[in-house]
Each structure stands twice: as structure tokens, then as C-alpha cells.
Amino acid sequence: MEVKAAVAYTPGKPLTIETVQLAPPQAGEVLIEIKASGVCHTDAFTLSGDDPEGLFPAILGHEGAGIVIEVGADVKSLKPGDHVIPLYTPECRQCDYCLSFKTNLCQAIRGTQGQGLMPDGTSRFSIGGDRIHHYMGTSTFANYTVLPEIAVAKIREDAPFDKVCYIGCGVTTGIGAVIYTAKVEPGANVVVFGLGGIGLNVIQGARMVGANKIIGVDINPKKRELAEKFGMTHFVNPQEVAGDLVPYLVDLTKGGADYSFECIGNVNTMRQALECCHKGWGVSVIIGVAGAGKEISTRPFQLVTGRVWKGSAFGGARGRTDVPKIVDWYMDGKINIDDLITHVMPIERINDAFDLMHRGESIRSVVTF
Ligand code: APR
Ligand code: ZN
């Protein structure tokens with residue numbers, strides 16, 4: 001069938017709206033009509049050409065929501081008409097990773113997904129017979145896309161697509177890091193580095209679980225107001241702190257953070273996030289994606305004396321199990337997504353979404369079809 005997609009042909013160049021051929025879903029796959037998709041920093045990172053694993057040409061996008069239109073052979077858990085969120089982290093419930101119950105990093109289709117292909121090693125997308133790569137297994141910048149059944153979360157039908165698409169990445173990444181990765185307990189003191197689309201979701205996750213102090217750190221004072229609305233109790237602008245930031249944060253938390261979260265992607269703030277944690281038990285979670293080739297450092301004594309350094313991908317959430325619950329939290333008013341979606345535009349204007357992101361003017365832009 002013919003679909004409308006934003007194609008990334010060349011690193012560093014804008015996307016091009018094209019008519020693309022989409023082959024039908026094969027065994028274990030489903031065809032999804034994408035209704036809305038968020039535009040995330042990870043899409044921009046790959047489009048920039050800095051992502052060493054980026055493939056071109058490709059249809060980017062990994063934060064979508066839509067409706068199942070057709071299912072391939074052997075598909076059991078989904079049927080046409082189901083409302084769904086595509087998952088770049090699948091959940092097969094059979095691999096060693098899934099069965100460990102210690103990680104959300106299902107490996108069932110890892111190899112082919114990284115190559116921009118479906119599990120049988122081919123692409124469903126082409127133009128004039130030439131292959132177009134899938135991206136993160138999701139390719140949500142197209143009005144129709146094909147995904148493996150194990151990479152699709154079924155959600156309730158009354159949830160608005162142009163809001164809950166954000167649960168496909170940013171919301172779950174932030175809230176999940178609090179709930180599933182760090183398991184923050186009521187009364188904990190939390191420090192959040194970076195108050196963008198990820199950090200604000202960490203803040204509302206911390207509020208949801210009943211954290212005590214929720215300290216936001218950002219060099220942009222304009223981030224303060226919205227962060228307070230989401231539950232931040234103290235704002236720290238590192239440029240206004242006389243002296244070192246780490247002792248200042250340790251003092252503010254009366255001994256150090258119980259949990260800290262790095263939501264910037266900067267290796268210097270990753271170190272500060274670890275070192276502002278409480279001696280003996282503080283846990284620091286890295287969420288931000290650092291540039292290719294970057295390395296983190298600290299004195300080993302920081303870990304010997306009980307601080308823990310962790311990372312979190314997709315918030316540690318198991319997509320098919322946890323994403324429907326997060327949609328419920330949104331529908332029940334427990335979490336706020338509406339105030340984070342600052343711009344909505346048709347897919348034809350997707351390049352504006354990247355411009356807004358680069359200028360720091362959006363928290364999240366959503367494209368609709
Ligand atoms: N110290 C404090 N705050 C900083 C610093 C710094 N050195 N550098 C940037 N910031 C702040 C910015 O002012 C901004 O508010 O970090 C925030 C980052 O927010 P966004 O640009 O909206 O990024 P976000 O979408 O939240 O993603 C953050 O996670 O998904 C990854 O690749 C993404 O690494 C990025 C990170
Ligand atoms: Zn993302």
C-alpha cells in the first residue's frame with residue numbers, strides 16, 4: 001500500500017514528505033495506522049548524523065499512537081481496531097532477559113531492529129523498489145507502519161492519541177526511572193538535573209510516589225515555573241550558586257540526595273549527580289544520552305562509600321505490561337501530559353518541530369496525520 005511518510009535521506013538535512021510503499025504485515029507482525037507521534041531528541045540525534053548506529057534512508061519516529069488495521073499470521077494478542085502504542089523496547093515474555101524479571105531490555109529482536117529491519121531481516125518500506133530502513137523498530141513518522149506483535153502495547157480506546165503518544169517514550173522514560181528503576185520511596189529527597197521533557201516527567205513521578213524534597217537543577221531559569229507546577233519544591237540554578245554545586249546540593253538535602261536523576265546527557269552533570277548522593281545509600285540514575293564516545297568518571301571511593309550508579313532505558317518499563325497502566329494514570333488525572341505538549345502540527349510541518357526543539361522553544365512537539 002501507499003503511505004505518507006517523512007523520510008530521512010541524508011544526515012543533517014531536513015526530512016522529506018514522500019509517498020512510500022509499505023508491504024503487508026508478515027507472520028507475527030501487525031499493520032498500524034499512526035494517528036500522532038511525538039518528536040524526541042533521539043530522533044534529532046540520529047538525524048544529525050552523530051548517532052554511530054544511524055541508518056539512511058530511514059523513516060524516523062518512535063513515540064507514536066494509533067490503531068491496528070491488519071494482523072499477520074500467528075498474531076494472537078492483537079486484532080484490527082485495537083488502540084496501541086508502538087514500543088521501541090519490546091516485551092516478548094520468553095527471552096532470558098524478559099524471564100529474568102531483572103530488566104526491561106528484551107533481546108528477542110535486538111539484532112534486526114538495530115539494522116533497521118523487521119525480524120525476518122527485510123524492510124517493509126521502499127520507494128521505487130529501493131529499501132527504506134525502519135527506525136527503532138517503530139518508524140512512527142508515517143501514517144501507516146508495521147511492527148512485530150511483541151513491540152505493541154494495547155491501550156484503552158478513550159485515550160487521546162495526540163496526548164498518549166508521549167507515553168511511547170518521554171513520559172515513560174521519566175516516570176518509569178523513578179518507579180521501576182530507582183523505586184523511589186515516600187519521603188525520599190530527590191535531585192533532578194535538567195528540567196526538559198524528561199526531567200519534568202521525573203519530577204511528576206517523584207511527586208506521585210510521595211517524595212519529600214524534589215530539587216530541580218537547570219541553567220535556564222525559565223524552566224522553574226512549569227517544574228514547580230509538576231512538583232518541584234526547590235530550584236537550583238548552578239550559575240547562581242557561589243562555589244561548587246555538589247556541596248551546595250548535599251547541604252540542601254541535609255547529607256545528600258536519596259536519589260538523583262541525570263536528564264541532560266552531559267558527562268559532567270552525570271558526575272555531579274552521583275556525587276550529590278547520600279553517602280551509604282544514595283542512588284544516581286543516568287537517563288540522558290551522552291554524545292558518541294563520551295565517558296563518565298568519578299573517584300571509586302564514591303562507590304566504595306555506598307553510592308550507586310545506575311542507568312535506565314525506557315524507564316525500566318516493560319512496555320506491554322506497564323504502558324497501559326501509565327495510560328490509565330493519565331486518564332485518571334494522576335499525571336499531567338497536556339502541559340508538556342507545547343506544539344501540535346501536521347506531519348507536513350515536522351521540520352518545524354525539530355527547529356523548535358533545537359531553539360529550546362518546545363518541551364514536546366507532536367505531529368498528527
Ligand atoms: N546544567 C544544568 N542544566 C542543563 C545543563 C547543565 N550543564 N545543560 C542543559 N541543561 C538543561 C537545559 O536548560 C534543559 O532545560 O537541561 C534541560 C534538557 O532538556 P531538553 O533539552 O528538553 O531535553 P530532554 O528532552 O528532557 O532530554 C534530555 O534525555 O532523551 C535524552 O537525548 C536526550 O540526552 C537528552 C536528555
Ligand atoms: Zn525518545
Side-chain angles (χ1 to χ4, degrees), residues 37-48 50-51 54 60-65 85-89 135-141 165-177 191-205 215-227 230 232 235-241 244-246 248-249 260-273 276 285-292 294 296 311-315 317 319 323 339-343 353-366:
S37 178
V39 179
C40 172
H41 273 92
T42 309
D43 301 305
F45 179 57
T46 301
L47 182 59
S48 73
D50 293 342
D51 176 358
L60 304 178
H62 61 279
E63 197 176 78
I85 288 179
L87 302 169
Y88 58 86
T89 304
Y135 174 69
M136 294 177 76
T138 49
S139 291
T140 58
F141 295 160
C165 60
Y166 195 12
I167 296 173
C169 181
V171 171
T172 303
T173 297
I175 293 181
V191 177
V192 183
F193 285 75
L195 302 175
I198 303 294
L200 290 168
N201 277 301
V202 169
I203 285 184
Q204 68 171 332
I215 299 162
V217 178
D218 202 298
I219 49 177
N220 181 352
K222 288 190 197 137
K223 303 280 175 169
R224 179 178 192 147
E225 194 181 333
L226 192 56
F230 275 69
M232 180 180 76
F235 178 67
V236 175
N237 181 346
Q239 292 166 341
E240 287 173 0
V241 171
D244 285 347
L245 178 63
V246 168
Y248 181 85
L249 292 170
S260 72
F261 297 86
E262 205 281 351
C263 316
I264 301 167
N266 174 318
V267 293
N268 301 316
T269 47
M270 289 176 189
R271 178 174 191 154
Q272 292 173 328
C276 78
V285 181
I286 294 175
I287 308 175
V289 180
K294 295 282 186 194
I296 50 170
S312 178
F314 197 45
V323 160
D339 287 327
L340 297 176
I341 298 179
T342 50
H343 300 78
F354 285 99
D355 292 343
L356 286 161
M357 179 197 295
H358 292 311
R359 292 203 299 269
E361 288 173 21
S362 56
I363 294 175
R364 196 46 124 228
S365 293
V366 167

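When a ligand or atom number is given, it counts from 1 through the structure's own listing order.
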List the steps and the verdict of side-chain contact (heavy atoms from CB on, under 4.5 Å) for Val39 and Met357. CA-CA 9 Å; Val39 179; Met357 179 197 295; 3.8 Å; yes

Run Val323 and Phe314 through side-chain contact (heavy atoms from CB on, under 4.5 Å) and show every step you take. CA-CA 10 Å; Val323 160; Phe314 197 45; 3.8 Å; yes

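Glu63 places a side-chain N or O within 3.5 Å of a backbone atom of Gly170 that can act as its donor or acceptor partner.
For Pro238, no nitrogen or oxygen atom sits less than 3.5 Å from a nitrogen or oxygen atom of ligand 1, counting backbone and side chain alike. When only interatomic distances are considered, the shortest N/O to N/O separation between Ile198 and ligand 1 falls below 3.5 Å. The shortest N or O to N or O distance between Gly288 and ligand 1 is not under 3.5 Å.
Residue, atom and distance of the protein heavy atom nearest to atom 13 (O) of ligand 1 are Asp218 OD1, 2.7 Å. The shortest contact between atom 21 (O) of ligand 1 and any protein heavy atom is with His41 CE1, 3.3 Å. Of the protein's non-hydrogen atoms, Ile264 CG2, 3.7 Å is the one closest to atom 9 (C) of ligand 1. Regarding atom 19 (O) of ligand 1, its nearest protein heavy-atom neighbour is Gly196 CA, 3.2 Å. For atom 31 (C) of ligand 1, the nearest protein heavy atom (residue, atom name, distance) is Val289 N, 3.9 Å. Closest protein heavy atom to atom 28 (C) of ligand 1: Cys263 O, 3.1 Å.
When every heavy atom of Val285 is checked against every heavy atom of Gly311, the shortest pair comes out as CG1-C, 4.2 Å. Across all non-hydrogen atoms, the minimal contact from Ile85 to Ala65 is CG1-CB, 4.2 Å. Scanning both residues, Cys263 and Val202, for their nearest heavy atoms gives SG-CG2, 3.8 Å.
The option with the heavy atom closest to atom 7 (N) of ligand 1, from among Ile363, Thr269, Leu200, Thr173, is Thr269.
Short contacts between ligand 1 and Gly265, defined as distances under 4.0 Å to a heavy atom of the residue, involve ligand atoms 34 (O). Of all the atoms in ligand 1, the ones that sit under 4.0 Å from a non-hydrogen atom of Gly194 are 16 (O), 17 (C). Atom numbering of ligand 1 starts at 1 in the shown order; those under 4.0 Å from a heavy atom of Gly197 are 22 (O), 24 (P), 25 (O), 26 (O). For ligand 1, the atoms closer than 4.0 angstrom to any heavy atom of Asn220 are 13 (O). Listed by number with element, the atoms of ligand 1 under 4.0 Å from a non-hydrogen atom of Lys223 are 15 (O).
Seen from the Zn ion (ligand 2), atom NE2 on His62 and atom SG on Cys40 lie at an angle near 110° (rounded to 10 degrees).
A side-chain N or O of Glu262 and one of Thr269 form a donor-acceptor pair less than 3.5 Å apart.
Atoms OG and CG, from Ser48 and Asp43 in turn, are 11.0 Å apart once rounded to the nearest 0.5 Å. Interatomic distance, CZ of Arg271 versus CD1 of Ile296, reported as 10.5 Å (0.5 Å rounding).
Among the candidates Ile198, Ile341, Leu226, Leu356, the single residue satisfying the side-chain contact (heavy atoms from CB on, under 4.5 Å) test with Ile363 is Leu226.
For a distance bound of 2.8 Å, the N, O or S atoms of His41 include none lying that close to the Zn ion (ligand 2).
Few gaps surround CG on Asp339; more than 12 heavy atoms of other groups in view lie less than 6.0 Å from it.
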